[in-house]
Amino acid sequence: MLTLDGLQIQLDGFEMAADFSVDPGAKVAIIGPSGAGKSTLLNAIAGFVTPATGRVLWQERDITSDDPGVRPVSMVFQDNNLFPHMTAFQNVAIGIRPSMRLNTDEQARVTKALDRVGLAGMGHRKPGALSGGQQSRVVLARVLVQGRPLVLLDEPFSALGPALREEMLDLVAGLIVDAGATLLMVTHDPEDALRIAGQTIFVDSAAAIGPEDTKKLLSNPPAAMRAYLGR
Amino acid sequence: MTRFWPGILTAAIVLALTLGTLAAVAFRADSWGGFTPADWAAVRFTLWQAFLSALISVVLAIPVARALARRRFWGRSVLVTLLGAPFILPAIVAVLGLLAVFGRNGIISVGLGWLGLPPVQIYGLHGVVLAHVFFNLPLATRLILQAWQAVPGEHFRLTATLGFSAADVGRAIERPLLRATLPGAFMVIFVICTTSFAVALTLGGGPRATTVELAIYQAFRFDFDLGKAALLALVQFAICAVAALGLRLQIPQITSAGLDRVQRRWDADRAGLRAIDVAWISLVAVFLWTPLLMVIVSGLAGIGNLPMSVFAAAFRSICVAMTSAVLSVSMALALALTIQNIASRLGAGLLEATGYLAIAASPLVIGTGLFLIVFPFVDPVALALPITALVNAVMSLPFALRALTPQVQQVAEVYGRLADNLGLTGWARLRHLYIPRLRRPLGFSAGLAAALSMGDLGVIALFGDPDSATLPLQLYRLMAAYRMEDAAGAALLLLALSMGFFWAFDRGGRMDADT
């Protein structure tokens, strides 16, 4: 279970508070107006932002002061998720070990992950030789081999067209279920939340509401959320 | 703290070489009263020639940069590339080329002879200034051109819709732009010219045209008057330090990236202005090309039967240049990464300032100081080549650092969080993130350092004996012995090696660099 315990974040005049728990294996969307702090919330969980007060707990263990690299977290950023000078295989392999010196078993894991996301035989290509959708698949293959229990997506696939994006979201949902991981996904589109996330957190000026059942929340939104949704 | 040691070690080396050697020199200077009228003359000459050189370079660069900014013509990109060449051109080679044009037996004097006129005289103040303008007019042109091209195209289009004349555009856009750019360009060139040694050694000399650097060399080499050398070294450092720190010197970014854009200028679409631009561009092209062509043409005659000593010197120079390139790039990378990672603003600022300190340091001061330090323990001549490589590396450090720092910052911004999330730290981060992403500036910096070291005639002149001469020193010896055919061949070899190394490293950095 992921728990944010009385978390307060202060950044150059920006403030937000979060106090909630997410069950293991849950798929949670984070929605809200831009500038409300959706990405900041993910950055605090991943360890890129140090909270002013409060704790981040994973399975009752305090990880608030852990380095980003040792947290149980895989993070997918909006862009620049791949190193352009590395092949798809290497970009996945670096998720297993930063030195990229893999034994035979680990190499097989990388190949299998690439197969799983539909990139069989494309491991030798560099990102520049892959389409946008294929690049996203490489990132997901890396998330897969990292095998970390908490996956954070910060407006992923926002550069892709609608059809391709839905395809990717379905692929993510399938991978997360297979791996038994917990998913937190920032999105600005309630449709994304409905599509793959059972629960939703609404972030609005200074506080986070939820997580609550996505369908319930969207069909009967609180006042602040109604303005955001335009209803 | 452990993450910062490479950068701190580099800063310590730079400080030891600049301020440490200065302290060694000051400690040794026991006869403070020995400042003769000749020494004062050297100080005055140093400042005066640097002032003239900087002024002429900058003033001439204005019309040239303006012409390049607003004209598209065949060969423009070649000319712009050529503007970068003098920066890495060995000074001694350029001097030989200038002698072939402006010297007593140069083409101008020969032409005057046909008309029954006396030959031109190149030695002295005007020769030194001429050579400095040859080196720095292109640098000034590039700095001013960069400023011109930073003007958004919309501004020129706006002035066109408002029906501005060329004079109106000058008042509204160009004059403010020049006011912002010229002082910086002037200062950089002034400082570069105050530390010039090879030009003063070959074209200056005598009581009327001796720079402080040359006076240090003479006190050291001919009189072995260490006290005098030390005193002059302090004066030289003071000149540079005042010029660099007091006037907030900015290190120029030596790159030709982005200079290929030409802005359409409606106000300049007139035959008269076009003729002026053509005249300036032709003039500067002839001024830059002719000496180089002379070096190539006369070198081809001599390169076939060069003495063995020239090839031995060339081999030593290659070793020195390679060592210097590796050292310079390693130090610049260590400093740039530490500057990026260190949390304290003050610490980062101090490290950066230390890296740029060498621009104000004089190689001869460093050389004199190192001589005084190692003299009691080993024969300095035995260390001539390693010391030359190290000093050369420190001298090109400011330019390498200037090329790397913004790129390191960009890589950290774009990929830093991803690397953190993947646990990519230490050696793995350097090897899999920074080095591959920084290939271009690393290759460029290595090329610059190799070329500058290859052509350097500074420290080696203090220490070198015939068995440890580098190619520039060997070339100087051939010139001094009036073996002009051998000198021309050696000059061509040196030119080819300097340019070749720069080209190879720079190209190596660009090739297959995935962006």
Side-chain angles (χ1 to χ4, degrees), chain A residues 39-40 42-50 66-102 125-130 135 138-139 141-143 145-148 150-154 156, chain B residues 1-4 6 257 329 333 336-337 340-345 403-404 406-446 505-515:
Chain A
S39 297
T40 308
L42 286 199
N43 283 333
I45 298 170
F48 299 119
V49 170
T50 311
D66 286 1
D67 282 340
V70 300
R71 294 192 185 210
V73 172
S74 283
M75 182 141 176
V76 179
F77 303 97
Q78 282 183 38
D79 43 26
N80 296 313
N81 284 291
L82 298 177
F83 297 110
H85 54 276
M86 293 183 190
T87 64
F89 186 93
Q90 289 172 319
N91 264 298
V92 177
I94 205 163
I96 296 182
R97 189 167 301 137
S99 72
M100 293 200 290
R101 285 197 204 93
L102 305 188
R125 292 206 202 169
K126 287 185 179 177
L130 295 170
Q135 291 178 10
V138 177
V139 180
R142 183 167 66 214
V143 171
V145 299
Q146 279 186 288
R148 298 196 178 166
L150 190 52
V151 177
L152 310 179
L153 310 182
D154 189 359
Chain B
M1 213 55 196
T2 50
R3 287 158 64 213
F4 302 142
V329 167
L333 188 60
L337 289 176
Q340 175 64 38
N341 290 330
I342 212 160
S344 134
R345 279 265 176 82
L404 273 175
Q407 300 290 323
V408 166
Q409 198 182 349
Q410 197 207 343
V411 171
E413 260 164 33
V414 174
Y415 296 106
R417 290 191 308 165
L418 175 61
D420 283 345
N421 186 242
L422 293 169
L424 208 58
T425 53
W427 180 242
R429 197 178 181 105
L430 182 68
R431 188 162 154 228
H432 297 307
L433 175 62
Y434 281 115
I435 290 180
R437 297 311 314 144
L438 296 171
R439 276 184 59 163
R440 281 158 187 268
L442 285 174
F444 169 81
S445 304
F505 275 115
D506 188 43
R507 172 108 190 111
R510 285 165 200 267
M511 226 165 26
D512 304 322
D514 303 278
T515 45

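Reminder, nothing fancy here: chain letters follow the sequence lines and each chain counts from 1.
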Report summary line: If you tally heavy-atom pairs under 4.5 Å between each of A:G128, A:P127, A:G47, A:G69 and chain B, the highest tally belongs to A:G69
Report summary line: Between the CG atom in A:N81 and the CZ atom in B:R417, the distance rounded to the nearest 0.5 Å is 9.5 Å
Query raised in the report: For the atom pair CG (B:L418) and CG (A:N91), what is the distance rounded to the nearest 0.5 Å?
Result: 8.0 Å
Report summary line: Highest number of heavy-atom pairs under 4.5 Å with chain A among B:N421, B:L422, B:T425 belongs to B:N421
**Report entry** Which portion of A:D79 sits near chain B, non-hydrogen atoms under 4.5 angstrom
**Finding:** neither
Report task. Please state whether the side chain, the backbone, both or neither of A:L82 comes within less than 4.5 Å of a heavy atom of chain B. Result -> backbone
Query - Close side-chain approach of A:P84 to B:R437, heavy-atom, < 4.5 Å - result: yes
Report summary line: Okay, A:R71 and chain B: the region with an atom under 4.5 Å from a heavy atom over there is neither
Query - Results of ring-ring contact (aromatic ring centres under 6.0 Å, His included) for A:F83 - residues two or more places apart only - result: A:H85, B:Y415
Query raised in the report: Does any heavy atom of chain B fall under 4.5 Å from the side chain of A:Q90, the backbone, both, or neither of them?
Result: neither
Query raised in the report: Tell me, side chain or backbone of A:R148 under 4.5 Å from chain B's heavy atoms, or both, or neither?
Result: side chain
Report task. Side chain from CB out, backbone as N, CA, C, O: work out which of these in B:R431 comes under 4.5 Å of a heavy atom of chain A, or both, or neither. Result -> side chain
Query raised in the report: What part of A:V73 lies closer than 4.5 angstrom to a heavy atom of chain B: side chain, backbone, both or neither?
Result: both
Query raised in the report: If you take all heavy atoms of A:S99 and B:A428, which pair is closest and at what distance?
Result: N-CB, 4.4 Å
